[in-house]
Chemist: 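Here it is: the structure, laid out below.
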Number of protein chains: 2
Amino acid sequence: MARELETKDAEPAAGKRVRADAQRNMDGLLKAAMEVFAVSGVDAPVREIASKAGVGVGTLYRHFPQRSDLIVAVFRREIDACADAAEALAAEYPPAEALARWMQRFVDFISAKRGLSSALHSGDPAYEPLPAYFDQRLRPALENLLQAAEEAGEIRSGVDPTDLLHAVARLSGTGDATGKDHARRMVALLVDGLRYRGDNETAG
Amino acid sequence: MARELETKDAEPAAGKRVRADAQRNMDGLLKAAMEVFAVSGVDAPVREIASKAGVGVGTLYRHFPQRSDLIVAVFRREIDACADAAEALAAEYPPAEALARWMQRFVDFISAKRGLSSALHSGDPAYEPLPAYFDQRLRPALENLLQAAEEAGEIRSGVDPTDLLHAVARLSGTGDATGKDHARRMVALLVDGLRYRGDNETAG
DNA sequence: CTATATACGGAACGATGTTCCGTTTATCAA
DNA sequence: TTGATAAACGGAACATCGTTCCGTATATAG
C-alpha cells in the first residue's frame, strides 16, 4: 500500500516533467506525515515531519505551501473511501439505516485522526482547502443518503447536508480514548432526531 | 457591574490579608481579560491581556498560573447564571420543553465566547480546571432537567448528562457568524433525538 | 559534458507561552 | 514616623512553533 502511494498518489504527471528527487521527497514527506499524524495528530510540528522525512522544512513548504495541502494529500484516499461507502450502504440497507450507518462510518474516520476536526473548523486560512475537499467529496455522498431517506418518509425533510456534516465532524473531534464512543452515541441521537416527528418538534 | 466585580469577585478574603496592589492588579486583569476575550477569543495572547491591564506578564502568571484559571474567573458569573437558569425554566415549562430551552440557553453562552469550546475539549493540561468547573456547575443543572423529563416520560432514559453537555459544547464551538444558528439547529435535533422512540432506535 | 532551471536545506525572523530573579513596595510593629 | 520584611512586580530571557528567504547543490536536456 505504501508502494502505491509512492507511485500513484502524487500527481500522475501534470504537463511538465518532475525531477526525480522532488518526487522522492514528496513521497517521503507523505509517508512521514502519515506516521506523525497518526501518533501526534494533524497539529504536529512541521519540523518533526520534515526531519522524519529526512528533508529540510524549506522542502516541505515547497511541496505543501499550506498545511492543509499535506493533510488532504495524506487522507485523500480515506476521504474518498468514506464517500464511496455511502453508495455501498445505500444498496444494502433501507434508507434511514444506510444513513445511520454511514454517519457512524464518518465518525470512525474523523475520530481516528486526532486534531482533524479542530482543523476543519478552525477558520484558519491555512486550512481552507481542507473543508473544501470535504465538501466536494463527502457532502454529495451524504446528500444522496438524505434524499433517499426523505423520499422514503423515514426522516424529516429540509435538513441541510452541510449542517449535518459539520455537526458530526464537531462531535467526532476527540481527545481522550472514550471520545469515539461518546461521538457514536451522540451521532446516533442526532439521527434519531431526524426520525422524530412530534407535535413539539423543535427543529426543522 | 464592574464595581461589583472589583469588590466582590476575587476572593472575599481567605485567611491571610491581601496586599492592596495585588487586589487591584487582579481586578484589572479580570477586566482586561474580559474585554480581550470578547474580541479575540480565549486564545488571545497573554501579553495582550497583561499590557491592557498595565501589568507585566509575571504578574498575570502569579495570579493565574493556569490559563484556565483566568477564564474560569472571568466567566464564573455567567456560568453560574446559566446553571441557575435551569431551575427557572423547570418551574415555568413542561419538562421536555424546559430541557430544550435550557440547551439553547447553553448554546447562546458558549457561542458567545469564541474559542471556549475548543479550550474545553483541547485536552491540554493548561485547561484542566475549566471542564472541572463546568462539570461542577452545569452538569447537576442538566441532570435535574433530564431526570424530570425522563420521569414525565417525555424523553428516553439512560442518557448521560455529561455526554450531552460535551456534545452541545462541541456543537456550539463557532468561528463564522452563522455558527450560532447552525448550533441551535443541531442541538434542537439532538433534543428531538431524545424524544424519539421507534423500533429502530439507534441510540440508548 | 556543460549549462541551467529546479529543488534543497537550514539559518533567520516574528509570535507566542512560560520561567526566573533582581527590584519595588505595601504592610506592620516599634 | 520609620524601618524591616514578606509579598508582589516587571520584563528580560528561554523554548517552541510557523514561515520566509536565499546561497548552494543537483537532475536533466542538449
Side-chain angles (χ1 to χ4, degrees), chain A residues 10-11 13-30 32-33 36-37 39-71 114-115 118-119 122-130, chain B residues 10-11 13-30 32-33 36-37 39-71 114-115 118-119 122-130:
Chain A
E11 311 320 300
K16 297 293 181 181
R17 175 72 176 238
V18 210
R19 256 173 66 164
D21 55 350
Q23 184 63 241
R24 196 175 31 229
N25 283 331
M26 183 124 176
D27 295 336
L29 279 167
L30 284 173
V36 171
F37 286 168
V39 319
S40 309
V42 300
D43 290 325
V46 180
R47 279 178 241 272
E48 190 180 336
I49 299 172
S51 97
K52 173 160 249 171
V55 305
V57 288
T59 301
L60 187 153
Y61 275 95
R62 162 174 292 269
H63 291 303
F64 306 100
Q66 306 222 67
R67 192 186 187 76
S68 58
D69 295 332
L70 183 53
I71 299 178
R114 213 173 15 162
S118 337
S122 66
D124 188 329
Y127 287 113
E128 189 262 318
L130 194 51
Chain B
E11 312 319 301
K16 296 294 181 181
R17 174 73 175 236
V18 210
R19 257 174 66 165
D21 55 347
Q23 183 64 242
R24 193 172 349 127
N25 283 332
M26 183 124 175
D27 294 336
L29 279 167
L30 284 174
V36 171
F37 286 168
V39 320
S40 309
V42 300
D43 290 325
V46 181
R47 279 179 240 273
E48 189 180 335
I49 299 172
S51 96
K52 173 161 251 173
V55 305
V57 289
T59 300
L60 187 153
Y61 274 95
R62 161 175 293 270
H63 291 304
F64 306 100
Q66 306 224 69
R67 191 186 189 78
S68 58
D69 294 333
L70 184 53
I71 300 178
R114 214 173 17 164
S118 338
S122 67
D124 188 328
Y127 287 113
E128 188 261 320
L130 193 52

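Here is how names work: the chains are called A, B, and so on, in the same order as the sequence lines, proteins then strands, and each is numbered from 1. Everything numeric here is computed off the predicted structure, so don't read it as measured data.
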Chemist: Of Val57(A) and Pro45(B), whose nearest nucleotide on DNA chain C comes first from the 5' end?
Modeler: Val57(A)

Chemist: Quick check for you: among dT27(C), dG9(C), dG10(D), whose closest atom lies nearest to any side-chain atom of Val55(A)?
Modeler: dG9(C)

Chemist: Looking only at atom types and distance, does a side-chain atom of Arg62(B) sit under 3.5 Å from a main-chain N or O of Ala22(B), one as donor and one as acceptor?
Modeler: no

Chemist: Whole angstrom is fine here: how far is it from CG in Leu29(A) over to C1' in dA7(C)?
Modeler: 13 Å

Chemist: Can you tell me the distance, in whole Å, between the CG atom of Leu60(A) and the P atom of dT19(D)?
Modeler: 10 Å

Chemist: Has Arg47(B) got a side-chain N or O lying under 4.0 Å from the OP1 or OP2 atom of dG17(C)?
Modeler: no

Chemist: Please compare Asp21(A) and Arg67(B) by the position of their nearest nucleotide in DNA chain C and report the one closer to 5'.
Modeler: Asp21(A)

Chemist: Has the side chain of Arg19(B) got a donor or acceptor that lies under 3.5 Å from a partner of the other kind on the base of dA7(D)?
Modeler: yes

Chemist: Take atom CD of Glu48(B) and atom C1' of dG17(C), then tell me their distance rounded to the nearest Å.
Modeler: 14 Å

Chemist: At under 4.0 Å, does any side-chain N or O of His63(A) touch on OP1 or OP2 of dC8(C)?
Modeler: yes

Chemist: Does any part of the side chain of Asp69(A), heavy atoms only, come nearer than 4.5 Å to the side chain of Tyr61(A), both counted from C-beta?
Modeler: no

Chemist: What is the distance, to the nearest angstrom, from the OH atom on Tyr61(B) to the P atom on dA13(D)?
Modeler: 18 Å

Chemist: Below 4.5 Å, heavy atoms only, C-beta onward: do Val46(A) and Arg67(A) meet side chain to side chain?
Modeler: yes

Chemist: Quick one: which of dC28(C), dC8(C), dT25(C) gets closest to the side chain of Arg17(B)?
Modeler: dC28(C)

Chemist: Quick one: is Thr59(B) getting a side-chain N or O under 4.0 Å of the dA8(D) phosphate, OP1 or OP2?
Modeler: no

Chemist: Could you tell me whether the side chain of Leu70(B) reaches within less than 4.5 Å of the side chain of Ile49(B), counting heavy atoms only?
Modeler: yes

Chemist: Are Phe37(A) and Arg114(A) close enough that some pair of their side-chain heavy atoms sits under 4.5 Å apart?
Modeler: no

Chemist: Pick the closest DNA chain D nucleotide for Gly58(A) and for Asp43(A) by heavy atoms, then say which residue is nearer the 5' end.
Modeler: Asp43(A)

Chemist: For Ala126(A) and Ala22(B), take the nucleotide of DNA chain D holding the closest heavy atom to each; which residue's nucleotide lies nearer the 5' end?
Modeler: Ala22(B)

Chemist: Hey, does the side chain of Asn25(A) come within less than 4.0 Å of dC8(C)'s phosphate (OP1/OP2), counting only N and O?
Modeler: yes

